[in-house]
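Report on the following structure.
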Amino acid sequence: MKEEIRESIGLALERISSSENIETPKLDHFEVSIPKEEFGDLSTNIAMILASRMKTNPRALAEKLVNELAGEPYISSVKVAGPGFINITVTPSRWIDYLGDILSQKENYGKTKTGKNEKVMVEFVSANPTGPLHIGHGRGAAVGDALARILSWAGYDVYREYYINDVGLQMENLGRSTIARARELLGRPFEEPAYKGKYIKNIASDFIKRYGEEILDSPQEKAVPTASKFTGTAILDTIRKDLDDFRVSFDEWFSEKSLHDADEINKVINSFLGSKDIYEQDGAMWLKTESAGDEKDRVVRRANGITTYLAADIAYHKNKLDRGFSKLIDIWGADHHGYIPRMKASVSALGHDPKKLSPILVQMVSLKRGGKTISMSTRGGVFVTLREIIDEVGVDATRYFFLMRSSDSHLDFDVDLAKKRSDENPVFYIQYAHARCANIFVTAKEREIETKKFNEIDKSLLEGKYELRLIKKLAQFPDVVASCAESLQPHPITQYLTDVASSYHSFYHNNRVVTDDIKLSQARLALIESTMIVLKNGLSLLGVSAPDRM
RNA sequence: GCGCCCGUAGCUCAGCUGGAUAGAGCAUCGGACUUCUAAUCCGGGGGUCGCAGGUUCGAAUCCUGCCGGGCGUACCA
């Protein structure tokens with residue numbers, strides 16, 4: 001609808017400027033928004049934006065536009081209001097026609113082509129395989145996954161990736177930890193392990209079963225890498241399982257080790273040599289990142305020839321760019337915010353526009369339970385796993401709660417609320433709306449009411465207040481998805497779905513769908529089916545199920 | 001110290017590429033079930049948008065300074 005209004009405004013402007021012999025001003029970003037109900041269906045501030053450039057005042061320009069727009073057949077009322085807003089009301093029949101779009105597009109309703117098939121990489125989670133995923137990772141997983149789904153609906157060619165830090169000192173420590181626990185299990189003397197979680201004990205036990213006690217007697221150079229690999233693989237398997245159960249999937253699990261094995265990291269550093277972006281000092285190679293807003297320049301290769309983590313990340317991002325992705329979205333924990341300038345600088349050094357990289361920071365999660373808030377800071381030592389929270393509150397509620405706030409806002413995860421099967425819980429409120437719709441079809445079938453095609457129903461029967469309010473909400477869906485894709489934020493979808501559910505429940509309360517009036521029943525069934533489609537599609541973008549029964 | 005995020009209703013948060021009387025959910029108060037699921041609906045109360053300046057026709061939104069909270073400040077990954 002917004003697009004239609006924009007086009008009409010564009011045409012109206014051309015007519016005005018040609019009749020007044022002035023140049024048509026460029027239409028940059030003026031707003032077409034949905035105002036309060038009493039103002040109309042849609043509203044635009046274009047007159048206020050353009051007035052000064054057209055050397056007139058906002059209200060005068062608005063009046064002219066109103067005269068032009070009044071001729072549009074789909075507009076029933078258009079008025080100037082306040083300082084120069086133009087408020088537009090669209091005819092009921094035009095709104096009702098949207099149901100035709102919804103019913104014909106079904107599971108595709110809401111998709112747009114705004115992304116123009118641009119290749120986008122969403123890299124997310126990418127947690128080190130040194131322990132199970134915690135709820136912070138879970139939030140990142142939910143956000144990255146939802147964003148990937150949204151972008152794909154908005155017409156982007158989306159690729160999802162998990163970057164595995166499977167190399168370096170931490171992997172070595174991980175292997176040593178397993179060996180230490182294995183020795184402990186066998187009653188041998190052992191060193192205090194670096195990784196203390198009980199999952200290491202389980203892995204250590206499997207490790208002995210797999211390689212036998214003798215492995216502990218082999219030289220460190222052999223035992224440690226064997227244990228590292230074994231442990232890393234085992235942990236990665238549980239991470240995969242957790243994410244799978246959380247309905248999060250990846251197109252690729254990208255191994256950092258593969259970059260080392262192909263010597264890609266040295267290659268990329270060497271390619272920088274001689275450029276203005278890199279210099280040598282104290283025997284080390286430094287990348288100029290301070291000019292990009294970093295606190296200081298950063299070492300990419302130490303004097304001893306060993307490359308740093310940043311160097312590997314540069315090679316990884318080069319790899320992404322080489323694969324043809326023009327938009328790189330990285331979902332990071334907020335504690336990595338200091339990393340943004342240096343990665344932007346790295347992308348520049350690679351000869352690309354740093355705007356191609358869009359890091360999304362996901363803020364920390366606190367758990368609220370029994371009125372008490374438990375902070376999840378790494379220091380606090382409190383460490384709730386994603387698995388625990390899924391098992392306790394379920395995937396639907398967990399995902400929804402992770403997605404209902406802006407990702408750069410700290411999240412208070414209210415466990416008690418998430419577990420409630422009642423109207424207090426927003427996710428159930430939405431799912432219940434869907435289940436109610438589904439149940440109406442069960443009733444309709446029992447009464448043997450035949451559902452009609454959209455062009456066979458009597459559309460004039462849907463012009464009531466509650467019907468139109470709901471239809472207008474449903475018609476917004478593609479705009480909402482496109483706008484989420486543009487701003488790279490999933491959370492407005494949750495608010496939107498709450499609005500749809502609310503309009504629906506309100507309609508439901510005031511109208512009976514299945515009645516003896518067959519024609520009316522059939523018209524309303526078309527509305528109910530449309531509602532189900534939007535609720536289901538919207539929930540699917542969040543990775544939340546749309547149950548038929550509750 | 002410096003950098004990033006946050007500070008909006010009792011609580012949790014939207015709104016922040018400037019626009020009309022600042023919104024939602026929960027909580028609270030008052031109403032509505034012989035009906036396709038009341039897991040619902042309808043209504044009320046509740047705000048110096050952290051503080052102080054500035055920019056302008058107009059500021060929760062932009063700028064500056066301060067206050068409060070979180071996070072980060074490695075030749076670790």
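In the text below, chain A, chain B and the rest are named by the order of the sequence lines, each starting its count at 1.
Using P as the reference atom, G15(B) and G58(B) are 26 Å apart when rounded to the nearest Å. C49(B) sits 36 Å from A38(B) when the C1' atoms are compared, rounded to a whole Å. Comparing C62(B) with G10(B), their P atoms are spaced 24 Å from each other, to the whole Å. Taking atom P on both nucleotides, G69(B) is separated from U56(B) by 35 Å, rounded to a whole Å. Across U61(B) and G18(B), the matching P atoms stand 12 Å from one another, rounded to whole Å. Comparing the same atom, P, in G45(B) and in C36(B) gives a spacing of 34 Å after rounding to whole Å. Taking atom P in both A20(B) and A59(B), one finds a spacing of 11 Å when rounded to whole Å. For the C1' atoms, the distance from G44(B) to U48(B) is 24 Å, rounded to whole Å.
Between the side chain of S43(A) and the base of A20(B) there is at least one donor-acceptor pair of N/O atoms closer than 3.5 Å. Side-chain N/O atoms of H336(A) and base N/O atoms of G72(B) include no donor-acceptor pair closer than 3.5 Å.
Side-chain N/O atoms of S506(A) include one lying less than 4.0 angstrom from OP1 or OP2 on C42(B). In this structure, R405(A) does not reach the C6(B) phosphate: none of its side-chain N or O atoms is under 4.0 Å from OP1 or OP2. At the phosphate of A38(B), OP1 or OP2 sits under 4.0 Å from a side-chain N or O atom of Y508(A).
Take the nearest nucleotide of RNA chain B for I340(A) and for S502(A): the residue whose nucleotide is more 5' is I340(A). Where P426(A) and I306(A) meet RNA chain B, the nucleotide closest to each residue was compared, and P426(A) sits on the side nearer the 5' end.
Across the strands present, C11(B) finds its partner in G25(B); the criterion is a Watson-Crick or G-U wobble pair with both atom distances under 3.5 angstrom. Using N1 to N3 plus N6-O4 or O6-N4 for Watson-Crick, or N1-O2 and O6-N3 for G-U wobble, each under 3.5 Å, A20(B) pairs with nothing. C33(B): no Watson-Crick or G-U partner with both key distances under 3.5 Å is found in any strand. Across all strands shown, G45(B) forms no Watson-Crick or G-U wobble pair with both distances under 3.5 Å. The nucleotide G3(B) finds its pairing partner in C71(B), both defining distances of the Watson-Crick or G-U wobble pair being shorter than 3.5 Å. The partner of C66(B) is G50(B), judged by Watson-Crick or G-U wobble contacts that both fall below 3.5 Å.
Under the 3.5 Å distance criterion, with hydrogens and angles disregarded, a donor-acceptor pair is assigned to the side chains of Y316(A) and E161(A). Remark: the D297(A) side chain and the Y279(A) side chain contain an N/O donor-acceptor pair separated by less than 3.5 Å. In summary, the side chains of N165(A) and Q170(A) do not present any donor paired with an acceptor at a separation below 3.5 Å, with no hydrogens or angles considered. Side chains of D41(A) and T89(A): no donor on one and acceptor on the other come within 3.5 Å. The closest side-chain donor-acceptor pair between K473(A) and Q476(A) falls under 3.5 angstrom.
Nearest nucleotide to the side chain of D408(A), out of C5(B), A77(B), G72(B): C5(B). Each of C11(B), C41(B), A38(B) was ranked by its minimum atom distance to the side chain of N510(A); first place goes to C41(B). Checking C11(B), A74(B), C71(B) against the side-chain heavy atoms of H337(A) singles out C71(B) as nearest. When distances are taken from the side chain of F39(A) to each of G15(B), C75(B), A20(B), the shortest belongs to A20(B). Distances from the side chain of K296(A) to the nucleotides C75(B), U12(B), C42(B) place C75(B) closest. When distances run from any side-chain atom of V514(A) to the nucleotides C36(B), G3(B), C75(B), the shortest one goes to C36(B). Listed candidates were A39(B), G15(B), C75(B). Nearest to the side chain of Q489(A) is G15(B). For A81(A), taking side-chain heavy atoms from C-beta onward, the closest of the listed nucleotides A20(B), C71(B), A77(B) is A20(B). Out of C36(B), A39(B), U21(B), the shortest distance to the side chain of M550(A) is found at A39(B). Set against A14(B), A38(B), C41(B), the side chain of R436(A) has A38(B) as its closest nucleotide.
Nucleic acid contact for N87(A): base, since at least one base atom lies under 4.0 Å from a heavy atom of the residue. Across all strands shown, N173(A) has no heavy atoms under 4.0 Å from either base or sugar-phosphate atoms. Using a 4.0 Å heavy-atom distance criterion, V167(A) is classed as a sugar-phosphate-only contact. Within the 4.0 angstrom heavy-atom criterion, base atoms lie near R549(A). No engagement by N425(A) is indicated, since no non-hydrogen atom pair under 4.0 Å with the nucleic acid exists. Within 4.0 Å (heavy atoms only), S406(A) reaches sugar-phosphate atoms of the nucleic acid but no base atom. Residue A435(A) is classed as a base contact, given a heavy-atom separation below 4.0 Å to a base. When heavy atoms are screened at a 4.0 angstrom cut-off, Y429(A) is found touching the sugar-phosphate backbone but no base atom.
Atom CZ of R298(A) and atom P of U73(B) are 9 Å apart (whole Å). In this structure, CD1 of I449(A) is placed 13 Å from P of C36(B), rounded to the nearest angstrom. Between the CG atom of D412(A) and the C1' atom of C26(B) there is a distance of 13 Å, given to the nearest Å. Following rounding to the nearest Å, Y504(A) (OH) and C41(B) (P) show an atom-to-atom distance of 11 Å. R342(A) has its CZ atom 13 Å from the P atom of G72(B), to the nearest Å. Going from atom CD of E295(A) over to atom P of U73(B) covers 9 Å, rounded to whole Å. Between the CZ atom of R447(A) and the P atom of U35(B) there is a distance of 13 Å, given to the nearest Å. For K344(A) and C4(B), the NZ to C1' distance is 14 Å, given to the nearest whole Å.
Each of V393(A), D412(A), L417(A), L411(A) was compared with F401(A) under the side chain to side chain contact (heavy atoms under 4.5 Å, CB included) criterion, and only L417(A) meets it.
To the nearest 0.5 Å, atom CG of residue D166(A) and atom CD1 of residue I235(A) are 12.5 Å apart.
In this structure, the ring of Y466(A) has its center no less than 6.0 angstrom from the ring center of Y508(A).
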(Q) Using the rule given for side chain to side chain contact (heavy atoms under 4.5 Å, CB included), can you reason through R301(A) versus N270(A), listing the C-alpha separation, both sets of side-chain angles and the distance that settles it, and then say yes or no? (A) CA-CA 10 Å; R301(A) 185 158 60 203; N270(A) 292 341; 3.4 Å; yes
Q) For V513(A) and F507(A), what are the C-alpha separation, side-chain angles and deciding distance, and is it a side chain to side chain contact (heavy atoms under 4.5 Å, CB included)? A) CA-CA 10 Å; V513(A) 176; F507(A) 162 79; 4.0 Å; yes
